[in-house]
Number of protein chains: 2
Amino acid sequence: MSAASPLPAYQRVKRYVLDRIQRGAWQEGDAIPGEEALAREFGVSRMTVNRALRELSDEQIVERVQGSGTYVAQQKYQATLVEIRNIAEEIAARGHRHHSALHTLERCKADEVLARAFGVRTGRRLFHSVVVHFENDRPIQVEDRYVHPDVAPEYLAQDFTSQTPNAYLMRVAPLQGVSFVIEAVPPSSHVAKLLAMSSGEPCLVLRRQTRSMGRVASVAAMWHPASRYQFTGSF
Amino acid sequence: MSAASPLPAYQRVKRYVLDRIQRGAWQEGDAIPGEEALAREFGVSRMTVNRALRELSDEQIVERVQGSGTYVAQQKYQATLVEIRNIAEEIAARGHRHHSALHTLERCKADEVLARAFGVRTGRRLFHSVVVHFENDRPIQVEDRYVHPDVAPEYLAQDFTSQTPNAYLMRVAPLQGVSFVIEAVPPSSHVAKLLAMSSGEPCLVLRRQTRSMGRVASVAAMWHPASRYQFTGSF
DNA sequence: GAGTGGTCTAGACCACAAT
DNA sequence: TTGTGGTCTAGACCACTCC
């Protein structure tokens with residue numbers, strides 16, 4: 001049984017290298033043959049081998065060092081990627097109704113914690129919003145967000161019942177980076193009330209800091225009642 | 001102010017296209033200029049433009065259709081990827097000591113919940129392990145795991161103080177897929193005791209189901225004391 | 001200086017889509 | 001048939017590492 005359509009040459013090279021690594025013939029950290037050698041071996045041009053090795057490098061199968069060589073990458077540790085989506089889309093994907101209520105939209109001054117998070121001096125003016133998101137009329141998330149005015153000067157003029165703060169920020173400020181924490185903590189009495197939680201129930205909290213235009217653009221805490229919310233995913 | 005090191009040509013093309021899309025000049029679904037046109041415009045060869053567009057395609061910024069053209073991709077919804085690592089490596093990365101204690105290692109029978117999770121009949125024999133992981137001698141995770149015997153027949157003969165169940169399974173059974181849930185729930189009294197938790201404190205729980213060799217290979221719950229554990233990440 | 005990867009060219013032939 | 005992307009070549013020059 002021969003292949004109906006012969007594999008492109010760069011994919012043949014990829015498969016060859018992958019195979020050697022998976023069989024253990026080439027171990028972690030080993031140097032593998034150079035572009036020229038592989039090109040000769042396969043009877044293809046160096047560009048073709050280059051593409052194969054570049055893609056393997058993108059896939060973290062090998063590591064390439066200019067002036068030195070190509071090496072089998074260290075084995076990736078097992079990692080699970082959890083995808084955290086925009087709350088409105090997440091609810092819509094479940095086939096439920098989403099709406100949100102604006103609770104707070106104001107100027108405020110950075111306290112010590114916020115000043116450190118944003119990398120600004122204490123007392124710096126910031127924007128602050130608190131939006132409650134509902135799934136089928138039950139509160140499911142309190143989004144407590146601080147925004148750097150330089151990144152979104154018109155933040156206070158937005159209608160956050162028709163567009164989530166998230167969606168607005170994504171539109172006006174290209175996202176450069178994100179860091180975050182998921183934790184389980186007791187809610188403040190204020191949050192507990194907004195989420196109509198029973199006493200003693202913890203919150204599942206996602207704290208997220210986004211960077212844009214070289215600054216910390218936004219610091220947000222998303223509070224969810226633990227009895228009604230989970231982060232899920234698969235791959 | 002000129003660039004100290006001129007950007008490679010393919011990156012200049014990428015930036016140009018990205019810029020147009022981010023400014024909204026080219027909207028979702030729009031066709032963008034072809035390789036030949038961009039090559040003329042930038043005074044570079046078609047291969048150089050090809051690399052730029054191929055990378056943008058890999059990054060899901062554009063979509064390329066052979067015989068038709070290159071189009072601006074549909075906007076990705078905002079998603080945050082949380083990386084959940086092997087507990088032993090995670091602790092080591094923090095510069096702390098990891099060790100684990102084997103609490104249970106036995107045969108058991110699938111109850112209704114497990115049978116459904118594994119897709120087997122109730123009463124099917126399964127393997128069961130409970131391992132407690134310590135960070136600097138404080139318990140940080142209870143790993144409660146069920147394993148399909150067909151996938152890892154030698155499971156009960158392993159020494160899980162020298163190798164985590166996770167690492168063992170990764171080695172003997174190629175991973176095909178994972179699905180999981182992160183939630184905050186009160187611990188059972190048993191788990192609370194193993195983790196030396198104060199009463200009333202919730203657990204941050206990762207439940208994970210892995211598939212291998214066409215079956216559900218393993219169903220695990222990782223219990224962490226909420227006061228001492230968070231999931232974190234960045235990109 | 002020799003060897004390696006990083007990039008680039010100016011062509012080429014092919015598969016496929018739109019017409 | 002024309003235009004598009006997919007792949008490939010046989011060179012080339014450069015930056016970098018290692019000896």
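Not measured: the values here are computed from a predicted model. All chains are named by letter (A, B, ...) in the order of the sequence lines, taking the proteins before the strands, and each is independently numbered beginning at 1. Note: hydrogens, waters and symmetry copies are ignored here, and every other heavy atom, side chains too, is used.
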How long is the line joining [atom1] of [X] and [atom2] of [N], in whole Å?
X       : N      : atom1 : atom2 : answer
A:Glu35 : D:dT9  : CD    : P     : 13 Å
B:Phe42 : C:dT9  : CZ    : P     : 12 Å
A:Ile32 : C:dT4  : CD1   : P     : 12 Å
A:Leu7  : D:dC8  : CG    : P     : 9 Å
B:Glu36 : D:dG6  : CD    : P     : 14 Å
A:Arg40 : C:dG3  : CZ    : P     : 11 Å
B:Leu56 : D:dG6  : CG    : P     : 13 Å
A:Asn50 : D:dA12 : CG    : P     : 17 Å

Problem - B:Glu135 versus B:His98, side-chain donor and acceptor atoms under 3.5 Å - result: no
Problem - Ring centers of A:Tyr10, A:Phe42 separated by less than 6.0 Å - result: no
Taking only N and O in the side chain of [X], is any of them less than 4.0 Å away from OP1 or OP2 of [N]?
X       : N      : result
B:Arg54 : D:dG5  : no
B:Ser68 : C:dC16 : no
B:Arg46 : C:dA10 : no

Exercise for the section: Look at the rings of A:Trp26 and A:Tyr16 and say which category their plane angle falls in: under 30° parallel, 30 to 60° tilted, over 60° perpendicular. Expected result: perpendicular
Handout entry: Derivation of the side-chain hydrogen bond (donor to acceptor under 3.5 Å, both in side chains) call for A:Asp159 and A:Thr161
Key = CA-CA 6 Å; A:Asp159 173 12; A:Thr161 58; 2.6 Å; yes
Practice task
Kindly determine whether A:Arg51 and A:Arg46 satisfy side-chain contact (heavy atoms from CB on, under 4.5 Å), including the steps that lead there.
Solution key: CA-CA 9 Å; A:Arg51 175 168 175 185; A:Arg46 209 195 114 199; over 6 Å; no
Problem - Residue met sooner reading DNA chain D from 5', once A:Thr48 and A:Tyr71 are mapped to nucleotides - result: A:Thr48
Would you mind telling me which of [options] lies closest to the side-chain atoms of [X]?
X       : options               : answer
B:Gln66 : D:dA10, C:dA10, D:dG6 : D:dG6
B:Arg64 : D:dC8, D:dG5, D:dA15  : D:dG5
A:Thr70 : C:dG5, D:dC8, C:dT9   : C:dG5

Handout entry: CZ/A:Arg94: more than 12 non-hydrogen atoms of other groups inside 6.0 Å
Key = yes
Handout entry: For DNA chain D, the residues among residues 10-17 of chain A that have a non-hydrogen atom under 4.0 Å from it
Key = A:Tyr10
Handout entry: Single hit among A:Gln209, A:Arg207, A:Arg208 for side-chain contact (heavy atoms from CB on, under 4.5 Å) with A:Ser179
Key = A:Gln209
